[in-house]
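First comes the structure, then the notes that go with it.
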Amino acid sequence: MDTRADVSAFLATEFARLVSDHGVPGASIAVLMDGEVVEAAAGVLSTATGVEATVDSVFQIGSITKVWTTTLVMQLVDDGLLDLDAPIRSYLPEFRIADESAAAAITTRQLLSHRAGFEGDVFTDTGRGDDAIEKYLATLGELPQVFTPGELFAYNNAGFSVLGRLVEVLRAKPWSTVLVEHLVAPLGLTHVAPSAYEAILFRAAVGHMGPGEDGTETPAPVWALAKSNEPAGSMLAMTPRDLVAFAQMHLAGGVAADGTRVLSEASVADMQRTQVKLPTLTGMGDAWGLGWEIFVEGGPSVIGHDGGTIGQSAFLRVIPEAGLAVAMLTNGGDVMALFDSTVKKIVSEVAGVELHGFRKPPAEPEPVDATPYVGSYSNSTFDMTVSLDDDGRIWLDSNPKGIMAEMGQKPEHVELVGLSEGALIAVEPTMKEMHVIYAFLGDDGAGRSKYIHYGRAIGRVD
């Protein structure tokens, strides 16, 4: 696929077949190439209604929303209203977590790059009013600190709701209103729904939770997660065409298609600059910038983000050096196989960049002394225990609690084998058919690992 015509032909002839082959109820894709957009859609928005997915259908983008929230934050920097490296309490004096010293030290930059260090999987529903995010901020006072602010990376949803409240306070308007006024309108976007109230005006996709007894994908019982987490990605929906228009602004140094300056070149560059390197993690990239995940560093780089809500999955990959952006939005089924056969293929053949695939256990696992890893780790969502059996095999027992148990997460007992220094991989696939990788980081002072890290960091408790 060397030309836009090649991409168009591929999508026209193959996309619908691939969506069907991988059991995805419905999907839509848009490719920005040479300043023009090629798009396609296939399947249905809900197996209950049979409504056809079209290129004008809106799907939830999940955590890709975090890049939008980051852009709103960087606009505050451009307007002289915010210093990224000042304590966030300079602007949100009511910000409280369990560790008072950490709360006083955490900066906006650390929140934007997932380095704040407090537990972040908090999805408290505080209602559907314009004060939902404000009320959410008031619920964080007992959140424990896992590591010193800035010490390492640990994905943090709650931190982006804090950032959403920062936007609200400094703009004196609800987050969704700021989103529309400062991004949707200046970019000339036409099919963007901050909530279900707007989504109902479009052909809106419904998530699916897996096959039922008849083998048909089952629609999710609810459409969206709590409004309190909307800056982190609980409900924002749009077409892939609108998503790549947002990406195009970042490719153009902060300028919209009509020439409107939306973000400064300095802020665009700062967002794409590495803030923290990542451990070896399943499905994650080399590093993290501000908002952006950096999937591939250098020659050429690949930035983007993924998103997942209730049965919907979203993917965005941007290759600045090639002027290429690919967005695919889906509502169930084997989305990772569809990603590999579409997004990954297009990026490879158009930009010549091979995206990292999901790792599998090696045929010959690395010999590993797991003694420093053995023990118990815990936070408010999981208790994890690493143990060795009499044959020297390594086992991980993971027991969900709190919100994870309420969401239906099941206990797991999985064998781990050596992958690389400091990292073990699950022998059997678990999450979305992926073999989860667990990195063991830090030293507790007794020669044992301090954290078990799988995108989130969980501290040792024994």
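These values consider heavy atoms only, across backbone and side chains, with no hydrogens, waters or symmetry-generated copies.
At distances below 3.5 Å, not a single donor-acceptor pair connects side-chain atoms of H435 with backbone N or O atoms of I425. With hydrogens and angles disregarded, a donor-acceptor distance shorter than 3.5 Å links the side chain of E217 to the backbone of G210. Between the side chain of N331 and the main chain of L45, a donor-acceptor pair closer than 3.5 Å is present. For Q110 (side chain) and T107 (main-chain N/O), a donor-acceptor pair under 3.5 Å exists by modelled atom type. A donor-acceptor pair under 3.5 Å is absent between the side-chain atoms of T260 and the main chain of V262, judged by distance alone. One N or O on the side chain of T70 and one on the backbone of K66 form a donor-acceptor pair closer than 3.5 Å. Between the side chain of K277 and the backbone N or O of A287 there is no donor-acceptor pair closer than 3.5 Å. Judged purely by atom type and a 3.5 angstrom limit, D6 uses its side chain to pair as donor or acceptor with the backbone of T3. Distance alone, capped at 3.5 Å, is enough to place a donor-acceptor pair between the S57 side chain and the T54 backbone. With R241 contributing its side chain and E39 its backbone, the two residues share no donor-acceptor pair below 3.5 Å.
Atom-to-atom distance recorded for M1:CE and S8:OG is 11.5 Å, nearest 0.5 angstrom. From T190, atom OG1 reaches atom CG of D56 across 7.0 Å, with rounding to the nearest 0.5 Å. Taken from CG in L140 to CD1 in I97, the straight-line distance is 8.5 Å, to the nearest 0.5 Å. Rounding to the nearest 0.5 angstrom, the gap separating the CD1 atom in I303 from the OG atom in S301 is 6.5 Å. Rounding to the nearest 0.5 Å gives a distance of 7.5 Å between CG of L179 and OG1 of T69. Going from atom OG of S113 over to atom CG of L290 covers 6.0 Å, rounded to the nearest 0.5 Å.
Contact of the L236 side chain with the Q60 side chain is not registered, since no non-hydrogen atoms from C-beta on lie closer than 4.5 Å. Taking 4.5 Å as the limit, every side-chain heavy atom of M235 sits out of range of all side-chain heavy atoms of P194. Annotation: side chain of W175 is in contact with side chain of L72 (closest heavy-atom distance under 4.5 Å). Contact annotation: the side chain of L329 never approaches that of V58 to less than 4.5 Å [non-hydrogen atoms, C-beta and beyond]. Using a 4.5 Å cut-off on side-chain heavy atoms (C-beta onward), R165 and L170 make no contact. At a threshold of 4.5 Å between non-hydrogen side-chain atoms, the residues L32 and L251 count as touching. M328 places a side-chain heavy atom less than 4.5 Å from the side chain of F339. E428 is not listed as a side-chain neighbour of V414, based on a closest heavy-atom distance of 4.5 Å or more.
For the ring-ring contact (aromatic ring centres under 6.0 Å, His included) condition, the pairs that include at least one residue of residues 240-262, sequence neighbours left out, are W68-F246, F246-H250, H250-W292.
Considering all non-hydrogen atoms of both residues, A27 and L338 come closest at CB-CD2, 4.0 Å. The two residues E119 and L143 come nearest to each other via the heavy atoms O-CD1, 3.3 Å. Here the closest heavy-atom approach between residue A247 and residue V318 is recorded as CB-CG2, 3.9 Å. Minimum heavy-atom separation, S380 to K401: O-CG, 3.5 Å. The heavy-atom pair separating A132 from S228 by the smallest distance is O-CB, 3.9 Å. Of all heavy-atom pairs between L316 and A327, the closest is CD1-CB, 4.0 Å.
Evaluated for a side chain to side chain donor-acceptor pair (under 3.5 Å) with D121, the options N157, T381, N156 yield exactly one hit, N157.
Ion pair R171/E181 not flagged as a salt bridge, since none of the NZ, NE, NH1 or NH2 atoms sits closer than 4.0 Å to an Asp/Glu carboxylate oxygen. Under 4.0 Å is where a charged nitrogen must lie from a carboxylate oxygen, and between D306 and R317 at least one such pair does. Using a 4.0 Å cut-off between a side-chain N of Lys or Arg and a carboxylate O of Asp or Glu, R261 and D78 do not qualify as a salt bridge.
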| Verdict with reasoning, Q75 to L263, per side-chain contact (heavy atoms from CB on, under 4.5 Å) | CA-CA 6 Å; Q75 288 176 330; L263 193 64; 3.8 Å; yes
| Derivation of the side-chain contact (heavy atoms from CB on, under 4.5 Å) call for V206 and F59 | CA-CA 8 Å; V206 173; F59 293 72; over 6 Å; no
| task | Assess whether side-chain contact (heavy atoms from CB on, under 4.5 Å) is satisfied between L278 and D286, documenting all intermediate values. | result | CA-CA 6 Å; L278 269 60; D286 293 337; over 6 Å; no
| said: Show, in sequence, the C-alpha distance, side-chain angles and deciding distance for Q312 and T309, and conclude whether the side-chain hydrogen bond (donor to acceptor under 3.5 Å, both in side chains) test is met. | reply: CA-CA 5 Å; Q312 300 196 49; T309 55; 4.7 Å; no
| From CA spacing to verdict: side-chain contact (heavy atoms from CB on, under 4.5 Å), H453, F153 | CA-CA 9 Å; H453 199 307; F153 169 94; 4.1 Å; yes
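Crowding of E265 atom CD: a count of heavy atoms from other residues, nucleotides or ligands under 6.0 Å not exceeding 12. At most 12 non-hydrogen atoms from other residues, nucleotides or ligands lie less than 6.0 angstrom from CZ of R128. Within 6.0 Å of CG on L201 lie more than 12 heavy atoms contributed by other residues, nucleotides or ligands.
Using cut-offs of 30° and 60° on the angle between ring planes, the pair F95 and F118 is tilted.
Scanning for salt bridge (Lys or Arg N to Asp or Glu O under 4.0 Å) contacts around R273 gives D270, with sequence neighbours left out.
Less than 6.0 angstrom separates the ring centroid of F160 from the ring centroid of H114.
Side-chain N/O atoms of S176 and E230 include no donor and acceptor closer than 3.5 Å. Checked by atom type, the side-chain pair Y155/E293 shows no donor-acceptor distance below 3.5 Å.
K227 forms no cation-pi arrangement with Y136, by the criterion of a distance under 6.0 Å to the ring centre and an angle within 45° of the ring axis.
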